[in-house]
Amino acid sequence: YMDHIRPEKAERTDKEISENWLEEFKYENPDVGQTSNGLLYRIVTPGQAGAWPAGAKAVKFMFKIYKFNGEILEEDDDPATVSLRDLPLGLEQGFRMIGPGGELVMWTHPGMTRGEDGDETGFNTEILRFEISLVEVLTVDPEEADEYGPNPDLEIIEAE
């Protein structure tokens, strides 16, 4: 019987296992904090204090993402620039805890890494560990910058 668990039952079991693991992990690691939405985090290096401008629109960072089993899911040693609005809702909160030069480890629970509209991102089926190195906080959305720089409203007139 145990070898023939219905798929929906097995999925629920995986979720329950991961939720139990998160609770145990938090209990066993008192240096790990938790946000109101359940994001577990450890600040490795705080980075520059007061470095988040009020109009922050994007972040430049390096990262590694690990699956629950320890396998590296994705990594980038070259700084990636991402609009804050494009980050999954559960992760933006973590980025705001450190300044440029800061490092952070975050653990997300299933469903936390959904997109802005609740869309699945491919990262929301298990516990994930994110190792983040924040390089820079940008006040310009990278999607709004053009070949002339970060001010898309500035009209460039070339002299003849």
Side-chain angles (χ1 to χ4, degrees), residues 2 5-143:
M2 292 305 287
I5 296 174
R6 293 188 313 248
E8 63 273 6
K9 192 103 168 150
E11 185 176 309
R12 202 173 10 188
T13 302
D14 287 345
K15 184 178 180 189
E16 289 170 2
I17 289 169
S18 64
E19 288 173 356
N20 289 339
W21 181 88
L22 284 169
E23 286 300 315
E24 288 176 25
F25 180 78
K26 186 174 60 171
Y27 177 77
E28 293 170 359
N29 295 278
D31 61 330
V32 170
Q34 184 174 15
T35 65
S36 60
N37 68 352
L39 176 73
L40 297 179
Y41 66 92
R42 177 183 298 133
I43 297 174
V44 178
T45 308
Q48 296 174 3
W52 272 87
K57 297 200 186 277
V59 287
K60 184 183 278 191
F61 63 99
M62 295 177 290
F63 67 92
K64 282 186 183 177
I65 304 172
Y66 295 87
K67 293 175 80 170
F68 184 67
N69 66 7
E71 175 187 335
I72 294 177
L73 182 65
E74 192 174 335
E75 69 179 308
D76 197 344
D77 292 331
D78 293 325
T81 301
V82 176
S83 200
L84 288 173
R85 70 170 181 250
D86 293 337
L87 286 172
L89 297 174
L91 297 182
E92 181 187 344
Q93 208 172 19
F95 276 91
R96 293 184 181 274
M97 293 182 202
I98 57 174
E103 296 178 14
L104 175 74
V105 179
M106 298 182 284
W107 293 266
T108 61
H109 56 76
M112 179 176 276
T113 52
R114 290 183 177 271
E116 184 176 321
D117 300 325
D119 298 334
E120 294 192 12
T121 62
F123 298 123
N124 59 339
T125 58
E126 63 182 293
I127 294 171
L128 296 175
R129 175 182 170 180
F130 291 78
E131 293 180 358
I132 304 293
S133 295
L134 184 59
V135 175
E136 187 177 359
V137 177
L138 306 168
T139 56
V140 175
D141 191 318
E143 295 172 14

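Remark: side-chain polar atoms of N29 are not paired, donor with acceptor, to backbone N or O of D31 under 3.5 angstrom. The backbone N or O of M97 lies less than 3.5 Å from no partner atom in the side chain of W52, so there is not a single donor-acceptor pair.
Closest heavy-atom contact between A56 and L84: O-CD1, 3.5 Å. The minimum heavy-atom distance between V135 and P100, with the atom names listed, is O-CB, 3.5 Å. Between D77 and M62, the shortest heavy-atom contact is O-SD, 2.9 Å. In terms of heavy atoms, S83 sits closest to A58 at CA-CB, 4.0 Å.
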Handout entry: Step-by-step side-chain contact (heavy atoms from CB on, under 4.5 Å) determination, V59 to L87
Key = CA-CA 10 Å; V59 287; L87 286 172; 4.3 Å; yes

Exercise for the section: Would you please test K57 and T139 for side-chain contact (heavy atoms from CB on, under 4.5 Å) and show each step? Expected result: CA-CA 5 Å; K57 297 200 186 277; T139 56; 5.6 Å; no

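Atoms CD and OG1, from Q93 and T35 in turn, are 4.0 Å apart once rounded to the nearest 0.5 Å. Rounded to the nearest 0.5 angstrom, L40 CG and K26 NZ are separated by 6.5 Å. Note: F68 CZ to L128 CG = 10.5 Å, rounded to the nearest 0.5 Å. Atoms CD and CH2, on Q34 and W107 in that order, are 12.0 Å from each other to the nearest 0.5 Å. With rounding to the nearest 0.5 angstrom, the CG atom of L104 is 9.0 Å from the OH atom of Y41.
In this structure the side chain of I127 never reaches within 4.5 angstrom of the side chain of F25, judged on heavy atoms. Taking the side chain as every heavy atom from C-beta outward, V105 and V44 approach each other to under 4.5 Å. The shortest side-chain heavy-atom distance between I43 and I98 falls under the 4.5 Å cut-off.
Applying the side-chain hydrogen bond (donor to acceptor under 3.5 Å, both in side chains) test to residues at least two apart or on different chains, the pairs with a partner in residues 127-137 are R129-E131.
Residue I65 forms a side-chain contact (heavy atoms from CB on, under 4.5 Å) with just one option from L73, I72, T108, and that option is L73.
Applying the ring-ring contact (aromatic ring centres under 6.0 Å, His included) test to F63 and every residue at least two apart in sequence or in another chain returns F61.
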